[in-house]
**Student:** 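Can you keep this structure in mind? I'll have questions shortly.
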Amino acid sequence: MKLQMRRPDDWHLHLRDGALLSAVVPHTALRFARAVVMPNLSPPVTTTAAALAYRERILAAVPAGMRFEPLMTLYLTDNTPPEEIRRAAASGAVIGVKLYPAGATTNSDSGVTNIAHCAAAIAAIEETGLVLQVHGEVTADEIDVFDRERVFIEKVLGPVVERHPKLKVVLEHVTTADGIDFVSQARPGIAATITPQHMMLNRNALFAGGLRPHHYCLPVLKAERHREAVCAAATSGDARFFLGTDSAPHSRSSKESSCGCAGIFSAPVGIEVYAEVFEAAGRLERLEAFASEYGARFYGLPLNDDTITLEKRSWRPPAEYVAGEERIVPFRSGEPVAWSLVQDPS
Ligand code: NCD
Ligand code: ZN
């Protein structure tokens, strides 16, 4: 069985820099026409100038003959001036601003300590029509790690959306029934990206027969009822939910460590695993809109006019990929994946 579909876009992606960037970008470029590139480098991409320079490094890492368009983001800090937001919007290359609560995830130390510090910047995001892309977790020690998304929505996101009635917001990598409900009931202009792992795995996958560092990501995997809610939303045909892999490569050594990094490297199976889970849900016919239409429409961008072809043919992603001196373990490493990408014979 073959499935030809409009070429998809990845609305949430980590590409890193240097050798890692060169190693990972071909996997995305083979499948996706465009991707929203997250700004959590070290140091973070806090200015338009840094975003434009990073964009050039990404384009230089795209293999000859492949077409790929990075859609850049700025990293919001307590001190981002509104003028920087306006510069970003005027550049045409930046499509959103990423809110990382300080301490929430990889390279978020320079993130926002209190959203009140960002009122002027957020007003500029609202006014320019850029999108606020939100890592939706509180970080307070007393809040259980599995409750962080729900509490963030109650305490931070709900009020921001009310204070800024025209602000466009993406609740990135939504993981809970609470997040799904919030987006479903919100005013227009609010959407969410959905990762493959949060559709496919519940938190048991972190402990299956032993500790599984390659299933550790943030927001962390949730209980089964939340996985079901995320999966139902993704396959519902509701245009507010669209594809964002959150592919987040880390070296094998930094994952398999006494303090392992959060992130799942899914780019090498970045569309195939969605086909699997949509098929399992009996909704394969809704994959194309989720992967190739809803995100572009939300961001006000044209749909891609070329196609990709998937085939129902099982393959096993390798144990690891080489990236300079490092090795990176992909999602579903060594396990059969039911769908394959049919590559052009060029
Ligand atoms: C991401 C990373 O490694 O940059 N990690 C992850 O687990 N998703 C950061 C993020 O998106 O939270
Ligand atoms: Zn991410």
Side-chain angles (χ1 to χ4, degrees), residues 2-39 41 45 48 50-74 88 91-96 130-131 133 170 193 195-196 242-249 265-275 287-311 315 317 321-323 328 330-331 339-346:
K2 286 198 177 166
L3 172 68
Q4 192 187 39
M5 61 187 280
R6 186 188 296 282
R7 184 176 290 278
D9 302 301
D10 185 349
W11 299 99
H12 184 129
L13 176 68
H14 300 269
L15 285 175
R16 315 305 191 200
D17 219 336
L20 207 44
L21 165 62
S22 306
V24 304
V25 81
H27 296 289
T28 292
L30 202 53
R31 294 166 175 80
F32 298 98
R34 301 171 287 203
V36 173
V37 181
M38 289 296 140
L41 301 182
V45 180
T48 307
L52 294 177
Y54 184 31
R55 182 172 183 276
E56 291 307 312
R57 298 198 295 283
I58 295 168
L59 290 173
V62 175
M66 277 190 189
R67 258 195 327 158
F68 174 66
E69 190 185 350
L71 305 169
M72 306 310 293
T73 59
L74 280 198
S91 78
V94 174
I95 66 162
L130 288 178
V131 171
Q133 298 143 334
V170 175
T193 52
T195 77
F242 46 82
L243 183 155
T245 62
D246 195 22
S247 177
F265 175 49
S266 58
V269 292
I271 186 67
E272 296 90 326
V273 287
Y274 284 105
L287 174 64
E288 184 176 40
F290 171 82
S292 317
E293 295 171 15
Y294 298 155
R297 293 228 170 87
F298 181 83
Y299 276 94
L301 293 172
L303 303 186
N304 300 313
D305 50 21
D306 58 339
T307 61
I308 60 166
T309 303
L310 297 174
E311 186 179 3
W315 65 292
Y321 290 95
V322 175
I328 344 166
F331 187 45
W339 288 84
S340 302
L341 182 73
V342 179
Q343 296 198 34
D344 291 340
S346 59

**Student:** What's the separation between atom CG in L71 and atom CZ in R34, rounded to the nearest 0.5 Å?
**Tutor:**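 It is 6.5 Å, given to the nearest 0.5 Å.
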**Student:** For R7 and R31, work out which heavy atoms get closest and say how close.
**Tutor:** NH1-O, 3.4 Å
**Student:** So, using side-chain contact (heavy atoms from CB on, under 4.5 Å) as the criterion, who are the partners of T73 when residues are at least two apart?
**Tutor:**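 Expected list: V36, P39, Q133.
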**Student:** Rounded at 0.5 Å granularity, tell me how far CZ in F331 sits from OG1 in T245.
**Tutor:**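 Here the rounded value is 11.0 Å.
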**Student:** Please give me the minimum heavy-atom distance between A35 and T28, naming the atom from each residue.
**Tutor:** CB-CG2, 4.3 Å
**Student:** Rounded to the nearest 0.5 Å, how far does CG of D9 lie from CD of E69?
**Tutor:** 9.0 Å
**Student:** Identify the two heavy atoms, one from L303 and one from S292, that lie closest to each other, and give their separation to 0.1 Å.
**Tutor:** CD2-O, 3.7 Å
**Student:** Calculate, to the nearest 0.5 Å, the distance between atoms CG and CG belonging to L243 and L13 respectively.
**Tutor:** 10.5 Å
**Student:** Calculate, to the nearest 0.5 Å, the distance between atoms CZ and OG belonging to R16 and S22 respectively.
**Tutor:** 14.5 Å
**Student:** Which heavy atom in A51 sits nearest to a heavy atom in V94, and how many Å separate them?
**Tutor:**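 Closest approach of A51 to V94: CB-CG2, 4.0 Å.
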**Student:** Search all heavy atoms of W315 against all heavy atoms of W339 and return the closest pair with its distance.
**Tutor:**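 Closest pair (atom of W315, atom of W339, distance): NE1-O, 2.8 Å.
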**Student:** Where do F32 and D10 come nearest, in terms of heavy atoms and distance?
**Tutor:**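 The answer is CD2-N, 3.5 Å.
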**Student:** CG/L59 to CZ/F68 distance, rounded to the nearest 0.5 angstrom?
**Tutor:** 8.5 Å
**Student:** Would you check if the distance from the ring center of W11 to the ring center of Y299 is below 6.0 Å?
**Tutor:** yes
